[in-house]
Participant: 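Below is a structure I'd like to ask you about.
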2 protein chains.
Amino acid sequence: MDLLYQNFIDHYSNSQQLTDHTKVEICNHLSILHLNKKYVLIKENQRHYFAYFVIKGAVRSYFLKDGIEVNTWFALENDMVGSLQNFNDNPSKETIELVENSTLIAINLEQIKPLMFSNIQVANFINAIIEEYALFLEDKIYFSQMMNSMDKYLILLAKEPQLFQRIPLTYIASFLGITRETLSRLRAK
Amino acid sequence: MDLLYQNFIDHYSNSQQLTDHTKVEICNHLSILHLNKKYVLIKENQRHYFAYFVIKGAVRSYFLKDGIEVNTWFALENDMVGSLQNFNDNPSKETIELVENSTLIAINLEQIKPLMFSNIQVANFINAIIEEYALFLEDKIYFSQMMNSMDKYLILLAKEPQLFQRIPLTYIASFLGITRETLSRLRAK
DNA sequence: ATAATTTTGTGACATTTGTCAATTGAAATC
DNA sequence: GATTTCAATTGACAAATGTCACAAAATTAT
């Protein structure tokens, strides 16, 4: 099995031992992609049947509000990228676009989902992914409700310093819910 | 089986047929509670081994920031209440408190979780709960990032009008991330 | 290397929201 | 039913953030 697949699978199977059979079954629905900056993985309002795992690179998600991009998050190495909406056959609410040239694992949701009902290990594997994602969302909400702009900036800087090296400040300001001018002024202090 | 349990189970088993055996196994870890206004279900920073499903009543969650309550959401009939943190054996980040006298189903997470690894129907049942919760969180984030205060107020009013009848405006303002004075002024228009 | 484009920073001013204080209104308690 | 407590509103002013305009810096393309 490809080492990259192995790493990905290990990352989400901590709570259980997967049989080789299950691992192969999962791998059958994975593939590796090399894509360039600005490539759009998922388009807002479109159905899409893949989720992605970032091996190398950087990705952002955003949606349009009154014609303006509102950035919702950034994924770097070892992060999952996708939309639960897609997992549930609904159109994505966000556009997901590469910020750097990236290497990704694509997970074919359409193919892997039915296995949940026949293979309990797959069910728990997917469970682990969704659970981690939900925890991540809880954190994000906690973060967004907790603080004023300055606090948010400082916490984000402490928690995810790489973002400030790799993601344009314009996007980060938008994520923080402030204008880039305001972020620029916060940074000046 | 108690009709209330039946309704709860049906609510999260739409995608699969549960055998009677599985239903009984789930019910063994459910119980019904009648509790009064102001009762605290879950305390911030404490481990807790139950999640709840609201049959009748209203519940709010909040955490303390610099000694001030920050309300994070309100649950009414047919909503789940709990914390994924607890599901993962971490202390809760939020306090969960009744806003009205309420009837709830308590789900014993500690007992039901191990079944995920032996009963695939239970795995998918719990999956469905977590998935719905994650979708709810996605919506919440979308909502919170999308709009200015006035838009948020109007959308919330359109989507959840019952909240404004049943939840004090002070809590709602806090949830919207504004002071009650600002909410009061928005409403004046 | 140079030019063109994109990103970031800064100033002046408008708008929104927060803070503090006082008042009114509603609901719970006795 | 009167009293007490809590919730909601309103006004005056302060602080934070947004908007618009422009300049500087960095990045990308030719």
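Note on naming: letters A, B, ... go to the chains in the order of the sequence lines (proteins, then strands), and numbering restarts at 1 for each one. None of these values were measured; they are calculated from a predicted model.
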Participant: Taking salt bridge (charged side-chain N to carboxylate O under 4.0 Å, His left out) as the definition, give me every residue that meets it alongside Lys93(A), ordered by chain and number, with sequence neighbours left out.
Facilitator: Asp139(B)
Participant: How would you list, by chain and number, every residue that makes a salt bridge (charged side-chain N to carboxylate O under 4.0 Å, His left out) with Glu110(B), sequence neighbours excluded?
Facilitator: none
Participant: Between dT17(C), dT10(D), dG9(C), which one does the side chain of Ser184(A) approach most closely?
Facilitator: dG9(C)
Participant: Using whole Å, what does the distance between atom P of nucleotide dT27(D) and atom NZ of Lys38(A) come to?
Facilitator: 15 Å
Participant: I would like to know whether Tyr12(B) and Phe8(B) meet side chain to side chain contact (heavy atoms under 4.5 Å, CB included); could you show each step before the answer?
Facilitator: CA-CA 7 Å; Tyr12(B) 289 106; Phe8(B) 166 66; 3.7 Å; yes
Participant: Expressed as a whole number of angstroms, how long is the span from Lys152(B):NZ to dT17(C):P?
Facilitator: 10 Å
Participant: Round to the nearest Å and state the distance from Glu100(A) atom CD to dT27(D) atom P.
Facilitator: 13 Å
Participant: Below 3.5 Å is the cut-off: list the nitrogen or oxygen pairs between protein and nucleotides 20-30 of chain C, distance only.
Facilitator:
from    : atom 1 : to        : atom 2 : distance (Å)
dC20(C) : N4     : Glu181(B) : OE2    : 3.2

Participant: Is there any salt bridge (charged side-chain N to carboxylate O under 4.0 Å, His left out) pair reaching into residues 51-60 of chain A, and which pairs are they, with sequence neighbours excluded?
Facilitator: Lys56(A)-Glu77(A), Arg60(A)-Glu69(A), Arg60(A)-Glu97(A)
Participant: Round to a whole Å and report the spacing from CG of Leu186(A) to P of dT10(C).
Facilitator: 12 Å
Participant: Which residues pass the ring pair (Phe, Tyr, Trp, His ring centres under 6.0 Å) test with Phe136(B), not counting sequence neighbours?
Facilitator: Trp73(B)
Participant: For residues 161-179 of chain B, which residues have at least one heavy atom under 4.0 Å from DNA chain D?
Facilitator: Pro168(B), Leu169(B), Thr170(B)
Participant: Return the value, rounded to whole Å, for the distance between atom CG of Asp151(A) and atom P of dA16(D).
Facilitator: 12 Å
Participant: Using atom OH of Tyr153(B) as one end and atom P of dT16(C) as the other, report the distance to the nearest whole Å.
Facilitator: 18 Å
Participant: Once side-chain contact (heavy atoms from CB on, under 4.5 Å) is applied, do any residues pair with Asn28(B), and if so which ones, sequence neighbours excluded?
Facilitator: Val24(B)
Participant: What orientation do Phe143(A) and Phe175(A) show, parallel under 30°, tilted 30 to 60°, or perpendicular over 60°?
Facilitator: parallel
Participant: Checking Phe87(A) now: which residues fulfil ring pair (Phe, Tyr, Trp, His ring centres under 6.0 Å) with it, not counting sequence neighbours?
Facilitator: none
Participant: Donor-acceptor pairs are to be reported for all side-chain atoms of residues 176-186 of chain B against protein atoms at under 3.5 Å, with residues two or more places apart or in another chain.
Facilitator:
from      : atom 1 : to        : atom 2 : distance (Å)
Thr179(B) : OG1    : Thr182(B) : N      : 3.2
Thr179(B) : OG1    : Thr182(B) : OG1    : 3.0

Participant: With sequence neighbours left out, what residues match Tyr153(B) under ring pair (Phe, Tyr, Trp, His ring centres under 6.0 Å)?
Facilitator: Phe164(B)
Participant: Using whole Å, report how far CG of Asn148(A) lies from C1' of dT17(C).
Facilitator: 13 Å
Participant: Under 4.0 Å between a side-chain N/O of Thr182(B) and OP1 or OP2 of dT17(C), yes or no?
Facilitator: no
Participant: Let me have the donor-acceptor pairs involving side chains of residues 41-48 of chain A, under 3.5 Å, with sequence neighbours excluded, atom names and distances please.
Facilitator:
from     : atom 1 : to       : atom 2 : distance (Å)
Glu44(A) : OE1    : Leu64(A) : N      : 3.1
Arg47(A) : NH1    : Asp89(A) : O      : 2.3
His48(A) : NE2    : Tyr52(A) : OH     : 2.9

Participant: So for the helix from dA1(C)-dT30(D) to dC30(C)-dG1(D), with five pairs setting each end axis, what is the inter-axis angle to 10°?
Facilitator: 60°
